[in-house]
Amino acid sequence: MSKKIRFGLPKGSLQEATIEKMAKAGYNIQVSSRSYIPYVDDEEMEIRLIRAQEISRYVEHGYLDCGITGHDWIIENGSKVHEVGEFIFSKVSRRPARWVLCVPEDSPVKSVKDLQGKRIATEVVNLTKKYLKKNGVQAEVEFSWGATEVKAHELVDAIVEVTETGSSLRANKLRIVDELLVSTPRLIASHECWKDTWKRKKIETLAMLLKGALDAEAKVGLKMNIAEKNLAKLLTELPALRNPTIANLSLKGWVAVETIIDEKIVRELIPQLKAAGAEGIIEYPLNKVVY
């Protein structure tokens with residue numbers, strides 16, 4: 001019988017983003033509407049789609065060997081798990097998710113202290129209770145099954161809700177009073193699984209490839225040709241071209257320069273390269289960057 005790891009992927013809002021990143025890491029995952037067990041092109045891996053809120057509990061108790069879930073749910077569940085790595089990606093942006101305390105724009109509440117004896121709705125009940133205790137505030141915290149933003153105007157005095165950009169909160173005429181927690185996706189493993197040499201190596205390989213795929217998203221490769229006499233000037237003027245690969249061309253007196261740079265600076269960099277004498281400039285996307 002072949003060895004396997006059982007890997008939990010977050011079902012719901014992070015599902016598509018996670019499967020996309022896993023594909024870039026080299027793992028082709030296909031989800032069927034007829035089965036709760038997705039296909040993965042790795043015979044040493046079994047995938048389970050489980051709500052992000054529950055993954056850390058299943059990893060802690062050994063039903064899953066490892067999984068991807070938010071730091072927020074590990075804290076909310078109080079799960080004792082081994083954190084393998086942090087992976088900054090989300091369904092909207094590369095910004096981390098923030099759990100924030102919010103009130104309607106016209107609310108008199110200015111700080112958490114003003115919520116003494118009031119009622120708060122949230123999905124992260126334990127996190128909110130810890131936050132209130134830390135601030136010496138006694139308030140009623142009720143679990144919200146969803147549409148929490150709507151409740152703030154009629155049913156409760158405040159909410160604790162997750163946001164990336166804040167646009168949904170502004171659209172619902174809510175004001176942020178305080179930030180409770182910043183959360184990013186984490187790859188976690190059970191302590192028992194981490195003691196198993198084979199499983200640990202398998203998970204470490206997955207983490208390395210996933211990190212390489214994420215690091216590659218913000219970078220591109222650049223290739224160009226330049227006359228050897230202009231090379232020193234090019235490298236002096238453009239510090240972004242650090243540690244480039246330089247190779248001689250068959251055409252005497254010319255070299256090829258290749259490097260990896262941050263994608264966000266390419267549009268400023270290419271005109272400068274051209275002005276410095278570079279020719280045949282090629283920009284290409286990267287699948288993985290493993291340091």
Does the side chain of Q53 come under 3.5 Å of the side chain of E123 through a donor N or O and an acceptor N or O?
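Looking only at side-chain atoms, E123 and Q53 do form a donor-acceptor pair, the distance falling under 3.5 Å.
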
Would you kindly say whether S190 and E60 are connected by a side-chain donor-acceptor distance under 3.5 Å?
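On atom types as modelled, these side chains do not qualify, holding no pair under 3.5 Å.
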
So which heavy atom on [X] is nearest to which on [Y], and how close?
X    : Y    : answer
V84  : I203 : CG2-CG2, 4.0 Å
P38  : I29  : CB-CG2, 4.0 Å
V59  : G67  : CG2-N, 4.0 Å
F87  : L210 : CE2-CB, 3.9 Å
T259 : I261 : CG2-CG2, 3.9 Å
Q116 : V137 : OE1-CA, 3.5 Å

Please answer whether the main-chain N or O of [Y] pairs with a side-chain N or O of [X] as donor and acceptor at a distance below 3.5 Å.
X    : Y    : answer
T18  : L14  : yes
K113 : N135 : yes
T69  : A52  : yes
S183 : H71  : yes
E76  : N126 : yes
S107 : V103 : no
T122 : V124 : yes
N225 : G280 : no

Axial cation check for F7 ring with R48, 6.0 Å and 45° limits
no

Is there side-chain contact between [X] and [Y], with heavy atoms separated by less than 4.5 Å?
X    : Y    : value
E46  : I5   : no
L231 : V257 : yes
I282 : L222 : no
L181 : L127 : yes
Y284 : V220 : no
W194 : E204 : yes
V100 : L169 : yes
E149 : L174 : yes

Can you measure from [atom1] ([X]) to [atom2] ([Y]) and round to the nearest 0.5 angstrom?
X    : Y    : atom1 : atom2 : result
L235 : I246 : CG    : CD1   : 5.0 Å
K233 : I226 : NZ    : CD1   : 8.5 Å
E192 : H82  : CD    : NE2   : 13.5 Å
I50  : Q15  : CD1   : CD    : 12.0 Å
T148 : I159 : OG1   : CD1   : 6.0 Å
E263 : L269 : CD    : CG    : 12.5 Å

Who are the side chain to side chain contact (heavy atoms under 4.5 Å, CB included) partners of K219, not counting sequence neighbours?
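With neighbours one apart ignored, the set is I260, D262, L286, Y291.
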
Joint cluster assignment, M208 & M22, ILVMFWY side-chain distance < 4.5 Å:
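M208 and M22: one cluster.
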
Are V141 and F143 in one and the same hydrophobic cluster, where Ile, Leu, Val, Met, Phe, Trp and Tyr link if side-chain heavy atoms are under 4.5 Å apart?
yes

Please name the residue in the list K195, K202, K4, K199 that meets the salt bridge (charged side-chain N to carboxylate O under 4.0 Å, His left out) test with D65.
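Of the listed residues K195, K202, K4, K199, the salt bridge (charged side-chain N to carboxylate O under 4.0 Å, His left out) partner of D65 is K199.
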
Presence of salt bridge, [Y] and [X], under 4.0 angstrom:
X    : Y    : result
E217 : K21  : yes
R119 : E142 : yes
R200 : D196 : no
K3   : E44  : no
E54  : R57  : yes

Look at atom [atom1] of [X] and say whether more than 12 heavy atoms of other residues, nucleotides or ligands are closer to it than 6.0 Å.
X    : atom1 : value
E268 : CD    : yes
K118 : NZ    : no
E105 : CD    : yes
K11  : NZ    : no

Can you name the one residue among L132, V156, V112 that meets side chain to side chain contact (heavy atoms under 4.5 Å, CB included) with I120?
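For I120, the side chain to side chain contact (heavy atoms under 4.5 Å, CB included) test succeeds with only one of L132, V156, V112, which is L132.
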
Could you name each residue pair satisfying side chain to side chain donor-acceptor pair (under 3.5 Å) that touches residues 170-180, not counting sequence neighbours?
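Applying side chain to side chain donor-acceptor pair (under 3.5 Å) to every pair that reaches into residues 170-180, excluding sequence neighbours, yields R98-E179, Y131-D178.
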
Going through the checks in order, is the side-chain contact (heavy atoms from CB on, under 4.5 Å) test met by R186 and I68?
CA-CA 6 Å; R186 310 290 168 101; I68 291 176; over 6 Å; no

For L115 and V109: C-alpha separation, side-chain torsions, deciding distance, then whether side-chain contact (heavy atoms from CB on, under 4.5 Å) applies.
CA-CA 7 Å; L115 289 169; V109 172; 4.0 Å; yes

Parallel under 30°, tilted from 30 to 60°, perpendicular over 60°: which one fits the rings of W99 and W73?
perpendicular

Candidate pair L180 and L101, rule side-chain contact (heavy atoms from CB on, under 4.5 Å), full reasoning:
CA-CA 7 Å; L180 282 71; L101 175 67; 3.9 Å; yes

Can you list the steps and then say if E279 with M224 is a side-chain contact (heavy atoms from CB on, under 4.5 Å)?
CA-CA 6 Å; E279 294 181 9; M224 70 209 77; over 6 Å; no

